[in-house]
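Before any comments, here is the structure.
Residue numbering restarts at 1 for every chain, and letters A, B, ... go by the order of the sequence lines.
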2 protein chains.
Amino acid sequence: MTKSPPRTRIQVRNRAAILEAALEVFAARGFRGATLDRIAQAAGLSKPNLLYYFRSKEALHLAILEDLLELWLAPLREMDAEGEPREQILGYVRRKLEMSRDHPRESRLFANEILQGAPRARPVLEGELKALVDEKAAVIAAWSESGRIGPVDPYHLIFSIWALTQHYADFEVQVRAIMGKTNPYPGAEAWLDHLFGAALGSPHKSI
Amino acid sequence: MTKSPPRTRIQVRNRAAILEAALEVFAARGFRGATLDRIAQAAGLSKPNLLYYFRSKEALHLAILEDLLELWLAPLREMDAEGEPREQILGYVRRKLEMSRDHPRESRLFANEILQGAPRARPVLEGELKALVDEKAAVIAAWSESGRIGPVDPYHLIFSIWALTQHYADFEVQVRAIMGKTNPYPGAEAWLDHLFGAALGSPHKSI
DNA sequence: CGTTAATTTTACCGGGCGGTCAAATCGAAG
DNA sequence: CTTCGATTTGACCGCCCGGTAAAATTAACG
């Protein structure tokens, strides 16, 4: 699939420039809306030159998607079954929100892919992603059953975390249309803390 | 913009068929990914015939968007300042979730538009939508200040409702990849009731 | 400097897509 | 049946886009 590890300095530089440019363009216009000309221009190359580094538009998109999925799943991977449940879940929420704030283009690229029916990412969703979610859902379920957090549906809890955190990146124009120039993230962090905190059962209440 | 009210029976039938087909195709493939040929075929017409009813791809998309936005804002409009706060908010959540369940294509078409930076819908977002949200946010803020619901940020509350309910339509393939063939909506309704119920402050707790 | 491989450019192709046009066909009313 | 507007079709255009071929240029190294 991907070209074997880049050797020369030029390859490293140009591949990085292309991936950066492609992320920008794919995120902003979707797979079909993006053109190789535009990506090449943004990377400071000619189109055939770009195609010297990536066989095809498809291959380029795939390369980005692979990098992206690792980044995307990291915050959930960090959730620790041995940790304090509430802290672990709220920590996950915070990391995921930071991800949206610091990597909105990645979020939108991913959203685009899913919206179109995940033509390229579906195998990963049904394989790696499902396995990870099943594992962490079991952890949350155990926490819930042992009474360390209130009764929650772990799957819908995880979906909620995804939906809420990614919303601020994916629907940014809508958020900005309503909130103006105000930076929504400080407020969002406090709000999500409140929202999920309450849903997990107040620690004060449980005493 | 839009052609003056259709007169003949044929016009009514064909316009409806086109809008239905276009909704399907635009939702599944985005604006650029959709082709007039495909839409025309889905509507049972030839491409030039389709262009007899709608001047351009742009005009067709705009016609759909206009219809859509009315449908989309209806649930929020129904939220009644005179009603019981908790019931009003949870009712809004339920109506919005039903909207996603019954109109997933509309949801995805809208998501596509926003993701691409709302090139066609931005005026509505900054005008009508913002006005409506500001109005309802003020209502919620008043409820909150009078202690009838717990302290909440009305804007983030509304964003949360959007994000969560639409997630089940927009990210359907992801949800299905993880949950399999299970229908997520019954569980989602109970979960969202729990989540927002807790965030608004338990009515039991407030006594 | 010379040689060889890596990189970049120029020119091009075939297909698809939005849109147009003029001719043909259809349908309602007298 | 005729007429006239509404509707439909087929043929076509120009542009853009992904991708290719081959020549030209550049870097690496002895």
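One side chain, Tyr155(A) or Asp134(A), offers a donor N or O that lies under 3.5 Å from an acceptor on the other.
Phosphate proximity of dT8(C) to Ser46(A): absent, as no side-chain N or O sits under 4.0 Å from OP1 or OP2. A close approach under 4.0 Å does not occur between any side-chain nitrogen or oxygen of Gln11(B) and OP1 or OP2 of dA6(D). Contact annotation: Asn14(A) reaches the phosphate of dT8(C) (side-chain N/O to OP1 or OP2, under 4.0 Å). Put simply, Tyr52(A) has no side-chain N or O that comes within less than 4.0 Å of OP1 or OP2 on dT9(C). Look at Thr8(B) and you won't find any side-chain N or O under 4.0 angstrom from OP1 or OP2 of dA6(D).
Proximity of the aromatic rings of Tyr168(A) and His156(B) is defined here by a centroid distance below 6.0 angstrom, and this criterion is met.
Rounded to whole angstrom, the span from the NE2 atom of His61(A) across to the C1' atom of dC17(D) amounts to 17 Å. The separation between Leu60(A) atom CG and dC17(D) atom P is 16 Å, rounded to whole Å. Between the CG atom of Leu45(A) and the C1' atom of dT10(C) there is a distance of 16 Å, rounded to whole Å. Straight-line distance from the CZ atom of Arg38(A) to the P atom of dG18(D): 12 Å, rounded to whole Å. To the nearest angstrom, P of dT8(C) lies 13 Å from CZ of Phe54(A). Rounded to whole Å, the distance from CG on Asp37(A) to P on dC16(D) is 10 Å. In this structure, the CD atom of Gln41(A) is 13 Å from the P atom of dT9(C), given to the nearest Å. Atom pair Leu51(A):CG and dA22(D):P shows a separation of 17 Å (rounding to whole Å applied).
Residue Ala40(B) is classed as having no contact, given no heavy-atom separation below 4.0 Å to the nucleic acid. Across all strands shown, Leu36(A) has heavy atoms under 4.0 Å from sugar-phosphate atoms exclusively, and none from any base.
With hydrogens and angles ignored, a donor-acceptor pair under 3.5 angstrom links the side chain of Lys47(B) to the base of dG18(C).
Between dT7(D), dG18(D), dT7(C), one nucleotide has an atom nearer to the side chain of Lys57(A) than all others, and that is dG18(D). Taking every side-chain heavy atom of Thr35(B) into account, dC17(C) is the closest of dG19(D), dT7(D), dC17(C). Distances from the side chain of Asn49(B) to the nucleotides dG18(D), dG19(C), dT9(D) place dT9(D) closest.
Under a cut-off of 6.0 angstrom, the local environment of CD in Glu126(B) is crowded, with over 12 non-hydrogen atoms contributed by other residues, nucleotides or ligands.
Ring planes of Phe31(A) and Phe26(A): parallel class, angle under 30° (limits at 30 and 60°).
Shown here for Ala169(A) and Ser100(A), the closest heavy-atom pair between the two residues is CB-O, 3.8 Å.
The nearest heavy atom of DNA chain C to Ser56(B) and to Ile10(B) marks one nucleotide each, and the one closer to the 5' end goes with Ser56(B).
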